[in-house]
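Taking it in order: structure first as structure tokens, then the write-up.
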Protein chains: 2
Amino acid sequence: MDEFRETELKKRISESTIRRLSLYHRALEIVEENGSETVSSKELAKIEKLTPAQVRKDLSFFGSFGTRGLGYPVKDLKAKIARILGIDRVWNIALVGVGNIGSALVSYKEFARQGFKIVKLFDNDQRKIGSNHKGIVVSDIKNIVSELSGSEIEMVVVCVPGSVAQFVVNDIVKAGLRAILNFAPVNLKVPDDVFVRNENMAMELEYLSYALVNNHSKNRVK
Amino acid sequence: MDEFRETELKKRISESTIRRLSLYHRALEIVEENGSETVSSKELAKIEKLTPAQVRKDLSFFGSFGTRGLGYPVKDLKAKIARILGIDRVWNIALVGVGNIGSALVSYKEFARQGFKIVKLFDNDQRKIGSNHKGIVVSDIKNIVSELSGSEIEMVVVCVPGSVAQFVVNDIVKAGLRAILNFAPVNLKVPDDVFVRNENMAMELEYLSYALVNNHSKNRVK
DNA sequence: CCTATTTTGTGAAGGCTTTCACATAGATAA
DNA sequence: TTATCTATGTGAAAGCCTTCACAAAATAGG
Ligand SMILES: NC(=O)c1ccc[n+]([C@@H]2O[C@H](COP(=O)([O-])OP(=O)(O)OC[C@H]3O[C@@H](n4cnc5c(N)ncnc54)[C@H](O)[C@@H]3O)[C@@H](O)[C@H]2O)c1
Ligand SMILES: NC(=O)c1ccc[n+]([C@@H]2O[C@H](COP(=O)([O-])OP(=O)(O)OC[C@H]3O[C@@H](n4cnc5c(N)ncnc54)[C@H](O)[C@@H]3O)[C@@H](O)[C@H]2O)c1
């Protein structure tokens with residue numbers, strides 16, 4: 001039953017392919033709501049502004065999910081992508097730094113619906129420790145290693161200031177966790193077997209700035 | 001004086017190069033704080049976990065900024081990258097949807113320090129319209145087209161629910177704006193000359209999920 | 001001034017990703 | 001059953017990006 005696990009495949013799957021799988025999954029939710037039983041690579045591509053060939057190629061790395069002349073079965077493909085991404089289960093998550101952005105994430109119910117459950121909060125502010133956020137009591141950051149070690153938590157969202165993010169991450173690694181979503185604008189140093197994804201909003205604004213200044217339009221006249 | 005504007009260069013600059021320029025800029029701030037006058041491609045690469053060759057290649061698209069045997073002048077290179085990215089000025093920004101994530105962004109002072117000034121807020125909730133957030137009175141979304149048209153605002157951050165994001169964006173485009181940072185988990189349809197960057201946190205969590213499930217470690221044993 | 005050392009800038013090579021294009025297989029209809 | 005149509009799956013080609021490797025340029029030290 002492990003036919004989609006990458007470790008058993010010859011080819012390395014690229015990061016962009018995995019990111020697009022997320023998009024296909026999202027697109028399939030839309031198609032499913034519309035009540036369609038099947039969907040073509042062309043339709044999926046249109047929803048996420050990609051090419052049909054890209055969609056087919058990406059999916060083909062993991063198997064033959066479609067039917068020629070018909071397309072892909074919506075429910076089935078969605079389940080298969082969920083399985084590939086590992087989102088056919090619940091992930092328990094801890095969040096460190098219950099400030100502006102941390103609070104916003106805790107209040108966001110959609111994550112839980114998608115199987116990403118924030119179940120533990122940490123902070124170092126005495127006014128916050130012990131207080132209740134959306135049913136979760138904020139723990140003292142001092143205890144993070146012992147509270148995460150051997151717990152059911154496998155991912156951590158880091159929402160602390162950049163100046164302390166590396167220290168917090170060192171503790172997360174010490175506790176044996178291997179997946180970190182980082183909002184602090186710093187490059188975190190972690191061992192090779194720990195996965196870090198960065199959310200860098202300033203970088204996106206800077207990209208927009210560059211695009212405007214350089215008039216990067218696709219149909220600009222020279 | 002426009003020697004770094006892409007429209008005047010032969011080569012197309014890749015998206016990844018521009019994103020890395022943001023990283024170099026951030027790294028240069030660290031180096032500058034350390035008091036160094038010059039910095040090598042090796043040092044810059046180390047800070048952002050890239051290769052020295054990548055750093056040199058990226059910079060070489062825009063000119064020869066370094067001195068052989070010595071490295072790059074920190075202050076000067078930082079200014080040059082800022083100019084390339086268009087962040088050697090202030091950008092006035094509007095934010096639509098003053099909810100969980102929108103409020104967090106408004107409260108984030110670092111953006112203003114970097115030249116990204118949120119100067120206008122919009123919402124459709126009567127309880128929020130007219131209220132004051134960090135010194136800005138929330139405007140009614142009904143007036144967005146007229147209030148943005150011809151204003152000093154050139155970028156918009158979209159923090160509304162996915163179900164209404166496209167409608168809000170249609171108005172932003174109608175008002176003549178061409179740069180959007182979108183937090184809603186939908187693929188926005190815009191004309192070719194409008195730039196959209198998406199912040200998709202669920203996608204990053206899904207990538208972490210995939211990495212954990214597939215044990216994607218760089219030094220894993222087969 | 002000369003030599004050793006450092007580090008840039010850059011063609012070329014290599015590697016990776018996307019797009020192309022079509023054989024293939026199943027659907028649909030008569 | 002046969003013909004027609006549709007859309008997949010996939011090698012091959014094209015395109016793009018990163019890494020290599022080294023000449024060139026400048027420093028530093030004697
Ligand atoms: N707020 C935004 O819109 C935004 C945007 C982009 C990036 N970021 C980044 O996200 C991070 C958080 O930003 P924010 O605006 O929420 O800041 P914030 O100051 O509101 O929140 C930070 C929280 O971390 C806690 N904290 C500080 N040191 C800690 C420690 N050692 N251990 C545990 N908790 C600690 C603080 O008590 C606070 O609750 C920062 O790195 C910031 O640069 C924020
Ligand atoms: N909060 C998070 O952590 C988080 C994480 C990932 C993605 N997102 C996305 O960000 C967006 C905002 O999320 P949130 O948690 O802040 O939601 P929220 O409900 O707290 O805020 C949404 C705001 O938009 C306003 N709004 C609704 N319709 C509007 C309209 N037509 N015009 C103007 N304003 C309107 C609401 O009044 C509200 O103030 C959503 O698309 C969500 O999917 C949020």
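Note on naming: letters A, B, ... go to the chains in the order of the sequence lines (proteins, then strands), and numbering restarts at 1 for each one.
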Within this structure, what is the [atom1]-to-[atom2] distance between [X] and [N], rounded to whole angstrom?
X        : N       : atom1 : atom2 : value
Lys57(A) : dC16(C) : NZ    : P     : 15 Å
Ile13(B) : dT18(D) : CD1   : P     : 12 Å
Glu15(B) : dC16(D) : CD    : C1'   : 13 Å
Phe61(A) : dT19(C) : CZ    : C1'   : 12 Å
Leu70(B) : dA4(C)  : CG    : P     : 21 Å
Arg12(A) : dT18(C) : CZ    : P     : 12 Å
Leu23(A) : dT18(C) : CG    : P     : 12 Å
Lys42(B) : dT19(D) : NZ    : P     : 16 Å

Nearest-nucleotide pick for [X], side chain only, options being [options]:
X        : options                   : value
Thr67(A) : dT7(C), dA27(C), dT10(D)  : dA27(C)
Ser64(A) : dC20(D), dT8(D), dG9(D)   : dG9(D)
Ser41(A) : dA12(C), dT8(D), dT18(C)  : dT8(D)
Ser16(A) : dT28(C), dC17(D), dT17(C) : dT17(C)
Ser60(A) : dT10(D), dT8(C), dT19(C)  : dT10(D)

Within the structure, does a side-chain N or O atom of [X] lie under 4.0 Å from either OP1 or OP2 of [N]?
X        : N       : result
Arg56(B) : dT8(C)  : yes
Arg20(B) : dT18(D) : yes
Tyr72(A) : dT6(D)  : no
Thr51(A) : dT19(C) : yes

Steps toward side chain to side chain donor-acceptor pair (under 3.5 Å) verdict (Glu206(A), Ser209(A)):
CA-CA 5 Å; Glu206(A) 290 175 1; Ser209(A) 163; over 6 Å; no
With the threshold set at 4.0 Å, does a side-chain nitrogen-carboxylate oxygen contact exist between Glu48(B) and Arg26(B)?
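Yes, Glu48(B) and Arg26(B) are salt-bridged.
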Check Arg178(B) with Glu154(B), please: is the shortest side-chain N to carboxylate O separation under 4.0 Å?
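No.
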Any chance the side chains of Tyr108(B) and Asn100(A) put a donor and an acceptor closer than 3.5 Å?
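Side chains of Tyr108(B) and Asn100(A): no pair found under 3.5 Å.
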Side chains of Gln166(B) and Asn170(B): is there a donor and an acceptor less than 3.5 Å apart?
yes
Is there a donor and acceptor pair, one atom on the side chain of Arg68(B) and one on the base of dT7(C), closer than 3.5 Å?
no
With nearest nucleotides of DNA chain D determined for Pro52(A) and Gln54(B) from heavy-atom distances, which residue corresponds to the more 5′ nucleotide?
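It is Pro52(A) whose nearest nucleotide is closer to the 5' end.
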